[in-house]
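All residue numbers refer to positions in the sequence shown, counting from 1.
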Amino acid sequence: MKYDVMLKILNLLLQRRSITAVELARRYEVSVRSVYRYIDELVCCGVPIEIARGRYGGLTIADTYRLPTGYFTREEYEAVLNALDAMSSQISDENLLSARDKLESKRKYEKRELAVCGNIIIDGGTWGDGVKFSQKMAVCEQAVNYAKQILIDYISREGEHSKRIIDPYVLIFKKNVWYVWAFCHTKQDFRTFKIGRIRSAAFTGKTFKKREFTRDDIDLNFYYKDDELTEVTFEIEKNSIADAEEWLGIDNIEPRGNAFCSNLKLRDDESLVNKILSFGGAVKVLQPEELRQRVVAAARKIAENNA
């Protein structure tokens, strides 16, 4: 019953693009609270649904979102095409032939170079990396879609090397980085793994039964905790604004005179100093003073080493 209603809500959103939770609750004879719970689960599965509160609010699905060809398994896709072939050989119907041709044009072929979903092409690899990252993404995506257990060779941020058997539940795209949220058999708990830190990923040949979960079960502040962040203020020269926007985010940068200013919370470690220095003086630290002094000291050391 639950999943039937979720699919009906998804299909109706695809048709209407916007609808209220009250209307959905009335249509499918469930509570408004249940509607929001179903929406949370759809969002966890990667469906881009926005919730707007207030008098003119409602549930809206992104205009670019379409159900991918992956909505069918490869076997289901082939079965439909074979059935249409058999029917079209007996019945001369232009609509039937047209439907068959449209399905044939969207046949699922394996692609190693890029992950393709509807109107979106994702190449998560580094420059010059044509297939390695995409291969790992493809394994993780299949594992999530079909509840397949995988073995990963993982290197943590601290340099710890380990092999883990994981049950992937959902892919997360945060700050231009891909992660997979999975149950880790080594830790016997859910963990978030950065896909770029997975050296290799392979199916174990086993499947797993997914436990029920909601978006609230996933800690999206997995990289840094709030108490590990420091409020930082930068002044950014205009000629470096494009690179700064990619680093800090467009929403966190505002014009100020002939330059730009950014005030936000960041993890204050040596990687932050190195990042600031990579701008070659185009990013000036206004606050905190202690960070500014460390940047100055690091710049002097570079100058001395290259004198």
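More than 12 non-hydrogen atoms from other residues, nucleotides or ligands lie less than 6.0 angstrom from CD of Glu289. Few gaps surround CG on Asn305; more than 12 heavy atoms of other groups in view lie less than 6.0 Å from it. No more than 12 heavy atoms of other residues, nucleotides or ligands sit less than 6.0 Å from atom NZ of Lys284. Within 6.0 Å of CD in Glu50 there are 12 or fewer heavy atoms belonging to other residues, nucleotides or ligands.
Note that OG of Ser278 and CG of Asp243 are 8.0 Å apart. Values are rounded to the nearest 0.5 Å. Rounding to the nearest 0.5 angstrom, the gap separating the CG atom in Asp167 from the CZ atom in Arg211 is 8.0 Å. Rounded to the nearest 0.5 angstrom, Leu10 CG and Leu42 CG are separated by 5.5 Å. The distance from atom OG of Ser18 to atom CG of Leu12, rounded to the nearest 0.5 Å, is 10.5 Å. Atom CG of residue Asp40 and atom CE of residue Met6 lie 10.0 Å apart, to the nearest 0.5 angstrom. The structure places CZ of Phe208 at 9.0 Å from CD1 of Ile150, a figure rounded to the nearest 0.5 Å.
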Quiz item: Is there a side chain to side chain contact (heavy atoms under 4.5 Å, CB included) between Ile236 and Leu248 once you walk through the steps?
Solution: CA-CA 11 Å; Ile236 307 160; Leu248 303 171; 4.0 Å; yes

Exercise. Show your working on side chain to side chain contact (heavy atoms under 4.5 Å, CB included) between Val285 and Phe234 and close with a plain yes or no.
Key: CA-CA 5 Å; Val285 179; Phe234 296 126; 3.8 Å; yes

Quiz prompt | Derivation of the side chain to side chain contact (heavy atoms under 4.5 Å, CB included) call for Leu266 and Asp268 | solution = CA-CA 6 Å; Leu266 295 172; Asp268 184 5; over 6 Å; no

Practice problem: Apply the test side chain to side chain contact (heavy atoms under 4.5 Å, CB included) to residues Ile166 and Tyr154: give CA-CA distance (whole Å), side-chain angles for both, the deciding distance (0.1 Å), then the verdict. | Solution: CA-CA 11 Å; Ile166 63 172; Tyr154 193 72; over 6 Å; no

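Scored by the salt bridge (Lys or Arg N to Asp or Glu O under 4.0 Å) test, Arg191 finds Asp189 as partners (sequence neighbours excluded). Residues passing the salt bridge (Lys or Arg N to Asp or Glu O under 4.0 Å) test with Glu304, sequence neighbours excluded: none. Scored by the ring-ring contact (aromatic ring centres under 6.0 Å, His included) test, Phe279 finds Trp247 as partners (sequence neighbours excluded). For Arg215, the side chain to side chain contact (heavy atoms under 4.5 Å, CB included) partners at least two apart in sequence or on another chain are Val43, Cys44, Leu220. For Arg26, there are no salt bridge (Lys or Arg N to Asp or Glu O under 4.0 Å) partners, not counting sequence neighbours.
Residues Glu231 and Gln287 fail the side-chain proximity criterion, which asks for heavy atoms closer than 4.5 Å. Cys140 places a side-chain heavy atom less than 4.5 Å from the side chain of Leu171. Using a 4.5 Å heavy-atom threshold, the side chains of Lys238 and Asn258 count as separate. Counting only heavy atoms from C-beta outward, the side chains of Pro168 and Tyr146 never approach each other to under 4.5 Å. You'll find the side chain of Phe260 stays beyond 4.5 Å of the side chain of Glu235, heavy atoms only. Counting heavy atoms from C-beta on, the side chains of Val180 and Thr192 never come closer than 4.5 Å. The shortest distance between side-chain heavy atoms of Tyr28 and Ser34 does not fall below 4.5 Å. Put simply, the side chain of Lys210 reaches to within 4.5 Å of the side chain of Val144, judged on heavy atoms.
At a cut-off of 3.5 Å, with distance as the only test, a side-chain donor of Asn263 or Thr233 sits close to an acceptor on the other residue.
Residues Leu286 and Leu229 fall into different hydrophobic clusters, defined by Ile, Leu, Val, Met, Phe, Trp and Tyr side chains chained together at heavy-atom separations under 4.5 Å. Linking Ile, Leu, Val, Met, Phe, Trp and Tyr residues whenever their side-chain heavy atoms come within less than 4.5 Å places Ile19 and Ile39 in a single cluster. Leu272 and Val295 fall within the same hydrophobic cluster, where Ile, Leu, Val, Met, Phe, Trp and Tyr residues are linked whenever their side-chain heavy atoms come under 4.5 Å apart, directly or through other members. Using a 4.5 Å cut-off between side-chain heavy atoms of Ile, Leu, Val, Met, Phe, Trp and Tyr, with links allowed through other members, Leu13 and Val22 fall into the same hydrophobic cluster. In terms of hydrophobic clustering, with Ile, Leu, Val, Met, Phe, Trp and Tyr side chains grouped at heavy-atom distances under 4.5 Å, Val30 and Ile49 are assigned to a common cluster.
Of all non-hydrogen atoms in Ala298 and Leu277, the two that sit nearest each other are CB-CD1, 3.6 Å. Here the closest heavy-atom approach between residue Ser262 and residue Asn252 is recorded as OG-O, 2.8 Å.
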Got a list of side-chain donor-acceptor pairs under 3.5 Å for residues 197-204, not counting sequence neighbours?
residue : atom : partner : partner atom : Å
Arg197  : NH1  : Ser156  : O            : 3.2
Thr204  : OG1  : Gln149  : O            : 3.4
Thr204  : OG1  : Gln149  : OE1          : 3.2
Thr204  : OG1  : Lys206  : N            : 3.2

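No close placement of the Phe183 and Tyr169 rings is indicated, their centers lying 6.0 Å or farther apart. Ring centroid separation for the pair Tyr179 and Phe173 does not come in under the 6.0 Å cut-off.
A salt bridge does not link Asp153 with Arg164: none of the charged nitrogens is closer than 4.0 Å to a carboxylate oxygen.
A donor-acceptor pair under 3.5 Å is formed between the side chain of Asp217 and the backbone N or O of Thr214. Judged purely by atom type and a 3.5 angstrom limit, Gln188 uses its side chain to pair as donor or acceptor with the backbone of His185.
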